[in-house]
Peer 1: 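Before anything else, here's the structure in question.
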Amino acid sequence: MSDTPAYLIKGKVIDGTLDAPIQNGAVATRGERIEWVGEACAVPDFCRSPDYTVIDLPGRSVLPGLIDGHIHISFGEARSEEELALYTPVEFRTLKAVWNARKVLQAGVTSAFDAATTYNIAQSVRDAIDSGMFEGPRLAVSGRQLTSHQGLEDSFPNGMEFPPGQAGVLVRSKDELIEQIRYQVKDNVDAIKVSGSNDSFITPDSLDGSAFTYDEYRIVAEETHRLGRMCTVHARSRNAVADAARAGFDVIFHASFIDDEGIEWCLRNGCVIVPTLPLLVNAIAATGGAQNPANAGFQREVDAAITNLGRARQAGIPLVPGSESGWSPVPYGQWHARELQIFVDDLGMSPLQAIHAGTLGATRLFKRFGDQVGRIEPGRYADLLVVDGDPTQDIALLQKPSRFDWIFKSGRPVDRTPPAPRRQMHYERHKMFLNGIFHYDQDAGQGVLRR
């Protein structure tokens with residue numbers, strides 16, 4: 001028998017495209033790659049040799065590993081800007097990030113986009129995973145996001161020095177924009193990210209704020225693309241979305257207040273939107289719901305996003321799910337498929353369309369390996385989930401890793417035996433965001449409050 005791992009997995013094959021699933025299908029893998037896919041009755045003779053381990057359980061579905069379009073592996077489930085930027089040493093952040101990467105993989109996420117790091121932690125975790133030192137999803141990473149004084153990341157008083165632990169870098173001129181892009185590309189980031197809006201500006205009277213001018217967005221997009229990297233932006237307000245899309249950014253994160261102009265520019269320039277609504281939905285649920293006056297801003301944004309992103313989807317803008325894992329309301333390993341449910345329940349997608357968005361559709365975010373993942377197709381990486389049930393009928397199954405019989409990355413089963421670590425107080429301070437009280441009960445299939 002060969003030492004190269006080989007599997008023959010039978011079940012309903014959902015291949016990541018919008019094609020109808022193969023009801024009685026099979027997938028053959030050898031080594032890192034998918035070798036064959038088709039009807040179970042047509043399995044080729046070479047797949048019937050003793051080299052292949054056969055997985056054939058009733059009522060199972062086989063689909064590509066999930067892709068999360070927005071995580072922050074270096075944030076460590078921070079509960080405040082202060083905890084993130086000031087208190088946790090870089091060494092401890094890095095160790096937590098490696099540990100948390102395994103939890104992401106154990107939730108069925110085999111690829112993820114890290115949408116802003118502290119220090120250079122995300123790059124280091126990506127490279128450690130790629131080298132085989134640690135288990136985790138394939139990562140594409142941004143560096144620290146570029147911010148002006150009006151951007152999200154310049155959140156501390158002017159009398160303070162800009163914190164070195166912040167997930168951003170303050171730029172004060174167009175020359176500094178270009179310098180930072182070149183500096184981060186030298187550090188081998190996969191994408192440049194800009195902090196295009198400050199969330200405190202999102203009020204009923206002010207939805208137009210943008211941290212940069214259109215000309216500055218254009219400079220960023222042109223230099224980023226010249227250097228062969230993707231260009232992404234944190235943009236909730238309508239002006240930030242429209243200006244970044246017009247400038248040719250590849251990915252718009254959030255876009256809750258996108259308007260007709262923003263939709264037009266996204267369509268014209270082929271932008272992708274990653275909403276990341278689980279963070280807001282969980283924050284509301286954990287703090288008294290919509291009835292709590294303190295949640296008015298969050299609820300207003302969720303309501304606007306459902307309306308505006310629904311229109312954007314109908315217009316043809318691709319949506320990719322993102323969990324925003326890294327902040328305390330969305331712990332690693334627990335919420336990565338939540339936005340798929342939101343896509344179905346609130347934005348009008350069918351479960352099959354949502355699965356496509358979270359697999360093959362999400363590969364738009366990955367230049368380095370996007371054509372190697374996200375679809376069950378010969379030659380691609382054997383990143384697979386074997387699920388007890390049919391997620392094309394019940395999308396909530398993908399939020400229940402307890403229903404995953406197998407998770408494969410590169411043709412090898414993921415080790416799911418280590419227990420999840422308990423959160424310990426180390427360097428964190430008590431001025432915290434939500435105090436880590438919200439988590440996902442996999443068996444119940446819903447979010448619950450810690451008591």
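Being a predicted model, the structure only gives us computed values, none of them experimental.
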Peer 1: Between Glu77 and Ser328, do the side chains contain an N or O donor and an N or O acceptor separated by less than 3.5 Å?
Peer 2: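 Judged by distance alone, the side chains do not pair up.
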
Peer 1: On a heavy-atom basis, which atom in Arg144 and which in Pro164 lie closest, and how many Å separate them?
Peer 2: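 Nearest pair, atom of Arg144 first, then Pro164: NH1-O, 4.1 Å.
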
Peer 1: Where do Ala116 and Ala167 come nearest, in terms of heavy atoms and distance?
Peer 2: CB-O, 4.2 Å

Peer 1: Mind checking salt bridge (Lys or Arg N to Asp or Glu O under 4.0 Å) for Glu216 and listing every partner two or more places apart, or none if nothing turns up?
Peer 2: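 Scan of Glu216 (salt bridge (Lys or Arg N to Asp or Glu O under 4.0 Å), adjacent residues dropped) gives none.
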
Peer 1: Listed by chain and number, what are the side-chain contact (heavy atoms from CB on, under 4.5 Å) partners of Thr53, not counting sequence neighbours?
Peer 2: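 Thr53: side-chain contact (heavy atoms from CB on, under 4.5 Å) contacts with Tyr7.
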
Peer 1: Would you check if Leu319 and Phe343 make a side-chain contact, meaning some heavy-atom pair closer than 4.5 Å?
Peer 2: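 Heavy-atom side-chain distance check passes, below 4.5 Å.
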
Peer 1: A side-chain contact here means heavy atoms from C-beta on lying under 4.5 Å apart; do Thr417 and Gln106 qualify?
Peer 2: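 No. Closest side-chain heavy atoms not under 4.5 Å.
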
Peer 1: Out of the candidates Leu57, Asp56, Val386, Ile55, only one should pair with Lys10 under the side chain to side chain contact (heavy atoms under 4.5 Å, CB included) rule; please name it.
Peer 2: Asp56

Peer 1: Give the table of side-chain donor-acceptor pairs shorter than 3.5 Å for residues 404-412, with sequence neighbours excluded, one pair per line with atom names and distance.
Peer 2:
| residue | atom | partner | partner atom | Å |
| --- | --- | --- | --- | --- |
| Asp405 | OD1 | Arg60 | NH2 | 3.3 |
| Asp405 | OD2 | Arg60 | NE | 2.6 |
| Asp405 | OD2 | Arg60 | NH2 | 3.4 |
| Lys409 | NZ | Gly136 | O | 2.7 |
| Ser410 | OG | Arg138 | NH2 | 2.7 |

Peer 1: Could I get the full list of salt bridge (Lys or Arg N to Asp or Glu O under 4.0 Å) partners for Asp15, not counting sequence neighbours?
Peer 2: none

Peer 1: Side chains of His70 and Asp114: donor-acceptor distance under 3.5 Å anywhere?
Peer 2: no

Peer 1: Could you check whether atom CG of Asp187 has more than 12 heavy atoms from other residues, nucleotides or ligands sitting under 6.0 Å from it?
Peer 2: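 For Asp187, atom CG is crowded (more than 12 foreign heavy atoms under 6.0 Å).
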
Peer 1: Give the C-alpha distance, both sets of side-chain angles, the deciding distance and a yes or no for side-chain contact (heavy atoms from CB on, under 4.5 Å) between Thr232 and Ile192.
Peer 2: CA-CA 6 Å; Thr232 73; Ile192 298 295; over 6 Å; no

Peer 1: Taking the side chain as C-beta and beyond, is there a heavy-atom pair between Arg102 and Phe134 under 4.5 Å?
Peer 2: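 With C-beta onward as the side chain, the pair stays apart.
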
Peer 1: Sequence neighbours left out, what passes ring-ring contact (aromatic ring centres under 6.0 Å, His included) with His234? Give chain and number order.
Peer 2: His254

Peer 1: Only one of Asn282, Thr287, Ile284, Leu280 clears side chain to side chain contact (heavy atoms under 4.5 Å, CB included) with Pro329; which?
Peer 2: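 Exactly one candidate clears the test, Asn282.
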
Peer 1: Could you tell me whether Arg226 and Glu223 make a salt bridge, using a distance below 4.0 angstrom between a side-chain N and a carboxylate O?
Peer 2: yes

Peer 1: Do you know the tightest heavy-atom contact between Ala240 and Ala235?
Peer 2: CB-CB, 3.8 Å

Peer 1: Do Asp190 and Lys367 sit within salt-bridge range, that is, some charged N less than 4.0 Å from a carboxylate O?
Peer 2: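 Answer for the salt bridge query: no.
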
Peer 1: Applying salt bridge (Lys or Arg N to Asp or Glu O under 4.0 Å), can you list everything that pairs with Arg375, at least two apart in sequence or on another chain?
Peer 2: Glu377

Peer 1: List in chain and number order the residues that pass salt bridge (Lys or Arg N to Asp or Glu O under 4.0 Å) with Glu222, two or more places apart in sequence or in another chain; answer none if no residue qualifies.
Peer 2: Arg218

Peer 1: Is the closest side-chain heavy-atom distance between Thr224 and Met230 below 4.5 Å?
Peer 2: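 No. Closest side-chain heavy atoms not under 4.5 Å.
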
Peer 1: Please list, chain by chain and in numerical order, all residues satisfying side-chain contact (heavy atoms from CB on, under 4.5 Å) with Arg364, sequence neighbours excluded.
Peer 2: Val272, Pro318

Peer 1: Around atom CZ of Phe162, are there more than 12 heavy atoms of other residues, nucleotides or ligands at under 6.0 Å?
Peer 2: yes

Peer 1: The criterion is side-chain contact (heavy atoms from CB on, under 4.5 Å); which residues satisfy it with Thr363, sequence neighbours excluded?
Peer 2: Ile67, Leu360, Val373

Peer 1: When you look at Val233 and Val251, which way does the side-chain contact (heavy atoms from CB on, under 4.5 Å) test go after all the steps?
Peer 2: CA-CA 7 Å; Val233 62; Val251 182; over 6 Å; no

Peer 1: So, Thr392 and Lys12: side-chain donor and acceptor under 3.5 Å apart, yes or no?
Peer 2: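 Note: Thr392 and Lys12 side chains meet the donor-acceptor criterion.
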
Peer 1: In this structure, which one of Val189, Ile121, Ile73, Asn188 forms a side chain to side chain contact (heavy atoms under 4.5 Å, CB included) with Arg126?
Peer 2: Asn188

Peer 1: What's the spacing between Glu32 CD and Asp383 CG if we round to 0.5 Å?
Peer 2: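 Interatomic distance, Glu32 CD to Asp383 CG, rounded to 0.5 Å: 9.5 Å.
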
Peer 1: Can you confirm whether the side chains of Ser323 and Asp68 place a donor and an acceptor under 3.5 Å from each other?
Peer 2: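 Yes, a side-chain donor-acceptor pair sits under 3.5 Å.
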
Peer 1: Would you call Val194 and Phe249 a side-chain contact if the rule is heavy atoms closer than 4.5 Å?
Peer 2: yes

Peer 1: Starting at CZ of Arg416, measure out to OG of Ser402 and round the result to the nearest 0.5 Å.
Peer 2: 8.5 Å

Peer 1: Taking all non-hydrogen atoms of both residues into account, name the closest pair between Gly389 and Arg403 and its distance.
Peer 2: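 Minimum heavy-atom contact is CA-NH2, 4.3 Å.
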
Peer 1: Could you grab the distance from atom CG of Leu227 to atom NZ of Lys186, nearest 0.5 Å is fine?
Peer 2: 13.5 Å

Peer 1: Classify the ring geometry of Phe253 against Phe113: parallel below 30°, tilted from 30° to 60°, perpendicular beyond 60°.
Peer 2: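 Judged by the thresholds at 30° and 60°, the geometry between Phe253 and Phe113 is tilted.
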
Peer 1: Looking at residues at least two apart in the chain, or sitting in another chain, which of them share a ring-ring contact (aromatic ring centres under 6.0 Å, His included) with Tyr332?
Peer 2: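 By the ring-ring contact (aromatic ring centres under 6.0 Å, His included) rule, Tyr332 matches no residue at all.
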
Peer 1: Output all residues satisfying side-chain contact (heavy atoms from CB on, under 4.5 Å) with Phe156, sequence neighbours left out; order by chain, then residue number.
Peer 2: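 Glu81, Glu82, Ala85, Leu86, Met160, Pro163, Gln166.
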
Peer 1: Under the criterion side-chain contact (heavy atoms from CB on, under 4.5 Å), I'd like the reasoning laid out for Thr4 against Arg30: C-alpha separation, chi angles, the key distance, then a yes or no.
Peer 2: CA-CA 7 Å; Thr4 302; Arg30 178 173 286 278; 3.9 Å; yes

Peer 1: For the pair Glu91 and Tyr119, evaluate side-chain contact (heavy atoms from CB on, under 4.5 Å) and give the outcome as yes or no after the intermediate values.
Peer 2: CA-CA 10 Å; Glu91 298 87 352; Tyr119 300 97; over 6 Å; no

Peer 1: What distance do Gln393 atom CD and Ser350 atom OG have between them, rounded to the nearest 0.5 Å?
Peer 2: 10.0 Å

Peer 1: A side-chain contact here means heavy atoms from C-beta on lying under 4.5 Å apart; do Val220 and Cys231 qualify?
Peer 2: yes

Peer 1: Any salt bridge (charged side-chain N to carboxylate O under 4.0 Å, His left out) involving residues 322-336? Give me the pairs, sequence neighbours left out, ordered by first then second residue.
Peer 2: none

Peer 1: Would you say the side chain of Leu385 lies within less than 4.5 Å of the side chain of Leu66, judging by non-hydrogen atoms?
Peer 2: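 Result yes, sub-4.5 Å side-chain heavy-atom pair found.
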
Peer 1: The test is salt bridge (charged side-chain N to carboxylate O under 4.0 Å, His left out); show your working for Arg368 and Asp130 and say whether it passes.
Peer 2: CA-CA 12 Å; Arg368 184 164 52 92; Asp130 287 350; 3.5 Å; yes

Peer 1: Nearest 0.5 Å please: distance from the CZ atom of Phe46 over to the CG atom of Leu8.
Peer 2: 9.5 Å

Peer 1: Side chains of Leu309 and Pro275: does their closest heavy-atom pair fall under 4.5 Å?
Peer 2: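 The answer is yes, as the side chains (C-beta and beyond) meet within the 4.5 Å cut-off.
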
Peer 1: Please give me the minimum heavy-atom distance between Asp19 and Leu352, naming the atom from each residue.
Peer 2: O-CD2, 3.8 Å

Peer 1: Check whether the side chains of Asn120 and Gln123 place a donor and an acceptor atom closer than 3.5 Å, and report yes or no.
Peer 2: yes

Peer 1: Which distance, rounded to the nearest 0.5 Å, do you find between the OG of Ser111 and the CZ of Phe366?
Peer 2: 5.5 Å

